[in-house]
Amino acid sequence: QVQLVESGGGLVQAGGSLRLSCAASGRTFSRYGMGWFRQVPMKEREFVAAIRWSGGNTDYADSVKGRFIISRDNAKNTVYLQMNSLKPDDTGVYYCAADVNFLPTTDSSRATEYDYWGQGTQVTVSS
């Protein structure tokens, strides 16, 4: 069983920055693929960013490329999402997810690939 706990959400003005953190349990965290997704009411959960176990390979949704950075600290069992130049469209509940069976061929943008999810943290960007 893997538990994920997100933190760092809040209210920020457009153009501002936030850093989300996701603390994970599990002895083999370094082997997990980790992802961030977001969701707004009445819409499907949307892929934001993902990082492979080594931290060397990352993927981003087109809407956040150049503004968001995903990273991980395997010694702390934590994954981060640095969000810069925030826009009102970035508003939503942000979820951290873990893929404990990650393979090099995994499509990390698919929510169905992930086995465990956090409870989410609200990010609100005002205009």
Side-chain angles (χ1 to χ4, degrees):
Q1 187 75 10
V2 176
Q3 291 185 331
L4 303 172
V5 179
E6 302 100 333
S7 60
L11 173 64
V12 65
Q13 289 188 334
S17 298
L18 283 174
R19 189 175 83 154
L20 305 183
S21 299
C22 173
S25 65
R27 299 179 181 177
T28 57
F29 172 80
S30 61
R31 300 179 186 176
Y32 303 163
M34 299 296 296
W36 286 98
F37 290 75
R38 65 188 181 193
Q39 190 168 23
V40 296
M42 307 302 290
K43 289 190 176 182
E44 291 187 357
R45 198 162 291 189
E46 174 189 27
F47 169 72
V48 176
I51 188 166
R52 299 183 180 220
W53 62 75
S54 66
N57 288 340
T58 56
D59 296 302
Y60 296 93
D62 288 344
S63 59
V64 306
K65 280 181 182 176
R67 300 188 298 122
F68 290 12
I69 301 172
I70 187 171
S71 62
R72 66 191 296 163
D73 185 338
N74 288 336
K76 296 182 178 180
N77 278 19
T78 301
V79 63
Y80 304 97
L81 185 68
Q82 177 67 44
M83 305 186 295
N84 302 318
S85 302
L86 282 161
K87 305 175 182 179
D89 284 348
D90 294 318
T91 294
V93 178
Y94 282 70
Y95 296 92
C96 171
D99 177 2
V100 301
N101 299 305
F102 182 82
L103 298 173
T105 55
T106 294
D107 181 352
S108 58
S109 68
R110 295 179 60 182
T112 53
E113 295 288 351
Y114 294 84
D115 307 291
Y116 298 96
W117 294 81
Q119 81 289 349
T121 185
Q122 177 70 45
V123 172
T124 303
V125 184
S126 62
S127 58

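- To the nearest 0.5 Å, the span separating OH on Y32 from CG on N101 amounts to 10.0 Å.
- Sorted by first and then second residue, the salt bridge (Lys or Arg N to Asp or Glu O under 4.0 Å) pairs involving residues 88-97 (not counting sequence neighbours) are R38-D90, R67-D90.
- T124 meets the side-chain hydrogen bond (donor to acceptor under 3.5 Å, both in side chains) test with Q122; sequence neighbours excluded.
- To the nearest 0.5 Å, atom CH2 of residue W36 and atom OH of residue Y94 are 10.0 Å apart.
- Evaluation of the salt bridge (charged side-chain N to carboxylate O under 4.0 Å, His left out) rule for D107 yields no partner, not counting sequence neighbours.
- For the pair Q3 and Y116, the minimum side-chain heavy-atom distance is 4.5 Å or more.
- Annotation for F47: hydrophobic cluster partners, listed by chain and number, are F37, V93, Y95, Y114, W117 (ILVMFWY side-chain heavy atoms under 4.5 Å, direct or chained).
- Distance check, rounded to the nearest 0.5 Å: CG of D115 to CG of L4 gives 10.5 Å.
- None of L20, V64, L18 except one satisfies the side chain to side chain contact (heavy atoms under 4.5 Å, CB included) rule with L81; the exception is L20.
- Heavy-atom contacts from other residues, nucleotides or ligands closer than 6.0 Å to CD of Q119 number more than 12.
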Would D73 and Y80 count as a side-chain contact (heavy atoms from CB on, under 4.5 Å) here? Give the steps. CA-CA 8 Å; D73 185 338; Y80 304 97; 4.1 Å; yes
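- Shortest non-hydrogen contact noted between D59 and S108 is OD2-OG, 2.9 Å.
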Kindly determine whether K87 and S127 satisfy side-chain contact (heavy atoms from CB on, under 4.5 Å), including the steps that lead there. CA-CA 8 Å; K87 305 175 182 179; S127 58; over 6 Å; no
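- Contacts of Q82 classified as side-chain contact (heavy atoms from CB on, under 4.5 Å), with partners at least two apart in sequence or in another chain: S17, R19, I69, N84.
- The two residues G92 and V40 make their nearest non-hydrogen contact at CA-CG1, 3.8 Å.
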One pair to check against side-chain contact (heavy atoms from CB on, under 4.5 Å): R72 and M34. What are the steps and the verdict? CA-CA 9 Å; R72 66 191 296 163; M34 299 296 296; 3.9 Å; yes
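- Between atom CZ of residue R52 and atom CG of residue D99 there is a gap of 10.0 Å, rounded to the nearest 0.5 Å.
- Looking at every heavy atom in both residues, V123 comes nearest to G9 through CG2-CA, 4.2 Å.
- Under the 4.5 Å side-chain criterion, counting only non-hydrogen atoms from C-beta, V2 is in contact with V100.
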List the steps, then state whether side-chain contact (heavy atoms from CB on, under 4.5 Å) holds for S71 with V79. CA-CA 6 Å; S71 62; V79 63; over 6 Å; no
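- Between the T78 side chain and the K76 main chain, a donor and an acceptor come within less than 3.5 Å of each other.
- We find the CZ-CZ distance between R45 and R110 to be 15.5 Å, quoted to the nearest 0.5 Å.
- The distance from atom CG of L86 to atom CZ of F68, rounded to the nearest 0.5 Å, is 5.0 Å.
- When the salt bridge (charged side-chain N to carboxylate O under 4.0 Å, His left out) test is applied to E6, no partner is found at least two apart in sequence or on another chain.
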